[in-house]
Amino acid sequence: MILYKNGHALINGKLVKTDIVANHGRIIEISPDVVPDDETEVVDCAHRYILPALVDVHTHGANGYDFNTADLDGMKKIMEFYVAHGVGTVFPTVMTDSDENICRQLALIAELAKDYPEIKGIHLEGPFLSKEYCGAMPVEYLQKPSMDKFLTYQKAAEGKIKLVTVAPELPHALAFISEVSDSKVVVSLGHSGADGETVEKALKAGAKSFTHFGNAMSGLDRRNLNVVGSAMLSDAFCEVICDGKHVDKDVLRLLIKTKGVNKVVGVTDSMMATGMPDGVYILANQRVQVVNGDAKLAGTNTRAGSTLDAYQGLANVVTFTGLPLNEAIKLWTVNPAKLVGLSDRIGTIEIGKDADFIIFG
């Protein structure tokens with residue numbers, strides 16, 4: 001057993017001085033003044049804070065490596081970066097690519113997960129996306145939604161795909177969303193030019209989220225909600241890249257005010273340049289130029305992921321919105337855990353949940 005003693009832990013939304021006892025990776029006791037026995041390892045957390053570990057369900061890489069191109073050793077370098085930056089749960093995100101590359105990388109991530117319990121699922125961002133709103137996606141590999149093709153990917157991933165982004169206006173998309181949702185995989189709407197009526201149908205079919213709000217999606221119009229307006233009006237979750245570049249800080253404030261703090265999910269959408277200096281990098285075999293930490297497809301004004309890490313993402317939410325830490329952290333803990341069906345294990349510090357927290361101060 002491990003006793004985390006004398007720390008100030010975030011419990012039920014408040015920082016309280018308490019001790020936490022963990023055994024075999026699970027929290028078994030939370031109470032003040034726990035007396036350890038001779039076999040208990042004691043970690044002194046005096047004058048330090050204990051917070052739930054952060055959750056990032058949309059990230060393509062970091063530390064010089066990309067999940068679409070890295071080998072197993074490179075993926076380990078990515079995971080080392082995440083762990084060092086407070087991420088306790090990560091969904092490696094594989095983006096649109098050739099079927100061969102997608103299946104190869106999914107299989108590698110499934111292998112990687114055997115050594116990294118932080119990997120609790122995979123996010124498949126594509127290839128079932130709109131050409132008109134492809135963003136940094138390689139357009140030549142985009143496809144119509146196909147359950148047979150998805151099952152091919154899922155087989156390569158050993159069943160670990162837990163989140164998939166889909167453009168709902170594509171042929172057969174609504175039937176696809178319904179069938180995938182029935183298989184307990186969460187569907188997020190993104191890279192889409194859909195109108196409000198189509199989005200509403202997709203939500204009724206089972207979609208539960210919107211991918212990187214405000215980016216690669218049809219904007220709110222006074223005559224049509226489209227994707228942006230539908231995201232704000234609906235009760236679904238909204239991912240938002242919290243770097244202040246993809247979404248202006250005041251737009252983030254508006255989104256949280258409109259939807260409430262419990263329906264917004266912070267993500268990094270980080271790419272291989274995260275944690276690295278400015279320069280030229282690769283995102284799914286496309287050249288990306290990073291200048292002052294801003295990543296764009298080389299020679300264009302199209303953003304290609306971010307260089308954001310999760311710690312900074314949380315700090316940005318506090319700075320941009322003025323929310324207190326105990327509220328802002330929901331975007332990076334409670335909300336993503338609920339979105340992907342892991343709230344019984346992670347997101348808060350409670351007895352019976354994973355001993356998945358960060359200690360700092």
Got a sec: does the CG of Asp182 have more than 12 other heavy atoms crowding it under 6.0 Å? yes
More than 12 heavy atoms of other groups within 6.0 Å of Lys296 NZ: yes
Partner of His212 under ring-ring contact (aromatic ring centres under 6.0 Å, His included), chosen from His123, His58, His246, His60: His58
Side chains of [X] and [Y], donor plus acceptor under 3.5 Å:
X: Thr348; Y: Lys353; result: yes
X: Asp37; Y: Thr40; result: yes
X: Thr165; Y: Ser188; result: no

Heavy-atom nearest pair, Val166 first then Pro168, reads O-CD, 3.5 Å
Check the angle between the aromatic planes of Phe357 and Tyr4 and answer parallel, tilted or perpendicular using the 30° and 60° thresholds. perpendicular
Aromatic plane relationship, Tyr49 with Phe360 - under 30° parallel, 30 to 60° tilted, over 60° perpendicular: tilted
Would you say that [X] contacts [Y] through its side chain, given a criterion of any heavy-atom pair below 4.5 Å between the two side chains?
X: Thr96; Y: Leu142; value: yes
X: Ile102; Y: Ser98; value: no
X: Val227; Y: Phe213; value: no

Once you round to the nearest 0.5 Å, how far does CG of Asn63 lie from CE of Met272? 10.0 Å
List the steps and the verdict of side-chain hydrogen bond (donor to acceptor under 3.5 Å, both in side chains) for Tyr141 and Asn101. CA-CA 11 Å; Tyr141 293 126; Asn101 288 350; 5.7 Å; no
If you group Ile, Leu, Val, Met, Phe, Trp and Tyr by side-chain heavy-atom gaps below 4.5 Å, do Val87 and Phe91 land in one group? no
Go through the steps to decide whether Glu200 and Lys204 satisfy the test salt bridge (charged side-chain N to carboxylate O under 4.0 Å, His left out), and finish with yes or no. CA-CA 6 Å; Glu200 184 178 4; Lys204 288 181 178 178; 3.6 Å; yes
